[in-house]
Amino acid sequence: MSPAATVQADASPAILIEGLRFRWRLDRPWVLDVPGFQLAMGERWLLAGPSGSGKSTLLALIAGIQRAREGRVAVLGHELTTLSGAARDRLRADRLGVIFQMFNLLPYLSVLENVLLPCQFSAARRNRAQAMAGSATTEARRLLAQLGLDAPGLERRPAAELSVGQQQRVAAARALIGQPELIIADEPTSALDADRRLDFVTLLQRECANAGAALLFVSHDRTLAEFFDRVVELPAINRIPMLG
Ligand SMILES: Nc1ncnc2c1ncn2[C@@H]1O[C@H](COP(=O)(O)OP(=O)(O)O)[C@@H](O)[C@H]1O
Ligand SMILES: [Mg+2]
């Protein structure tokens, strides 16, 4: 790779959005109208905004679960608007960690099996986890311990038996395994009390920093602002100002 190409690859932001408009159906109003923003590699942003302002919709577009027909959504240097569905799925499996609002753990699988799921879907994630710790299982255990989930026998329990706070940390370990470059989290703290919320955000921040991952964290809780590089508001009129 030439030096210029290296510079170009390194310069790709984690997320680049330009002129994005989205509506769920042609006969429905626009739910997103975002002139543009860039989230740099390694940066950590809090995305706030009232209920219904389109935060989850925006995350679905960034995760490549939905596709925009107007404007540009580029993630880690890939134009999602022109990638096939299969290629978007591949990019998400290999390079994104997603923490959903309801966690989406598989209830009958054990804690450890849930954390290892991304390594089942992505050889790249499995290889990076192996390179980190010797085996994906060892890396899963390291992440669980970092997140305070190393009580004896806990890793073998079905996810459904855990408390909400524990399930949330399992979801975080699952998002983080295999060093994805971008973590997106959709109100993962909404079910927690204030103390646990702070603990969780601190843990997630530390793990993202360790992995060099960028973080886009959705929450309506502005008291978390101090933990982030920037707070971006998605107002009811759905306009994010153009940011550098
Ligand atoms: N799957 C869907 N199908 C149709 N409309 C949807 C869907 N998901 C969300 N919406 C609509 O899009 C708008 C934005 O919703 P959402 O992105 O969930 O906002 P937020 O996460 O900020 O609360 C709302 O009007 C909501 O009803
Ligand atoms: Mg939402």
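Order of listing sets the numbers, starting from 1, for every ligand and every atom in it.
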Open item on the list: How close do Ala175 and Ile183 get, counting heavy atoms only, and between which atoms?
Closed with: O-CD1, 3.6 Å

- [ ] Pull out every atom of ligand 1 sitting under 4.0 Å from any heavy atom of Pro50, numbered as shown with elements.
- [x] 22 (O)

TODO: List every atom of ligand 1 that sits less than 4.0 Å from any heavy atom of Ser51, numbering the atoms from 1 in the order shown and giving each element.
DONE: 23 (O)

Task: Side-chain heavy-atom pair Trp45, Leu215 within 4.5 angstrom cut-off - done: no

Open item on the list: Just to confirm my output: which protein heavy-atom neighbour is closest to atom 18 (O) of ligand 1, and how far is it?
Closed with: Ser56 CB, 3.7 Å

Task: Proximal atoms of ligand 1 relative to Gly54 (non-hydrogen, under 4.0 Å) - done: 14 (C), 16 (P), 17 (O), 19 (O), 20 (P), 22 (O)

TODO: Give the residue and atom name of whichever protein heavy atom lies nearest to atom 24 (C) of ligand 1, and the separation in Å to one decimal.
DONE: Gly52 O, 4.1 Å

Open item on the list: Looking at every non-hydrogen atom in both residues, tell me the closest pair between Thr138 and Ser135 and how far apart they are.
Closed with: OG1-OG, 2.7 Å

Task: Least distance between heavy atoms, Ala68 atom then Val73 atom - done: CB-CG2, 4.5 Å

Open item on the list: Exactly one of Leu32, Leu47, Leu234 should register a side chain to side chain contact (heavy atoms under 4.5 Å, CB included) with Ser53. Which one does?
Closed with: Leu234

Task: Closest approach of Glu70 to Trp30 (non-hydrogen atoms, all atoms of both residues) - done: OE2-CH2, 3.4 Å

TODO: Could you tell me which non-hydrogen atom of Ser12 sits nearest to which non-hydrogen atom of Gly77, and how far apart they are?
DONE: OG-CA, 3.7 Å

Open item on the list: For Gln120 and Arg126, which I'm curious about, is there any donor-acceptor pair between the side chains at under 3.5 Å?
Closed with: no

Open item on the list: Could you identify the single nearest non-hydrogen protein atom to atom 9 (C) of ligand 1 and state the distance to 0.1 Å?
Closed with: Trp24 NE1, 3.5 Å

Open item on the list: Quick check on side chain to side chain contact (heavy atoms under 4.5 Å, CB included): which of His220, Arg197, Gln101 does Thr189 satisfy it with?
Closed with: Arg197

TODO: Considering only non-hydrogen protein atoms, determine which one is nearest to atom 17 (O) of ligand 1 and report residue, atom name and distance to 0.1 Å.
DONE: Thr57 OG1, 2.5 Å

Task: Under 2.8 Å from the Mg ion (ligand 2) - protein N/O/S, by chain and number - done: Ser56 OG

Task: Thr223 side chain to Asp221 side chain, donor-acceptor N/O pair below 3.5 angstrom - done: yes

Open item on the list: Side chain or backbone, does Val31 bring an N or O within less than 3.5 Å of an N or O on ligand 1?
Closed with: no

Open item on the list: For atom 14 (C) of ligand 1, is there a protein heavy atom at a distance under 4.0 Å?
Closed with: yes

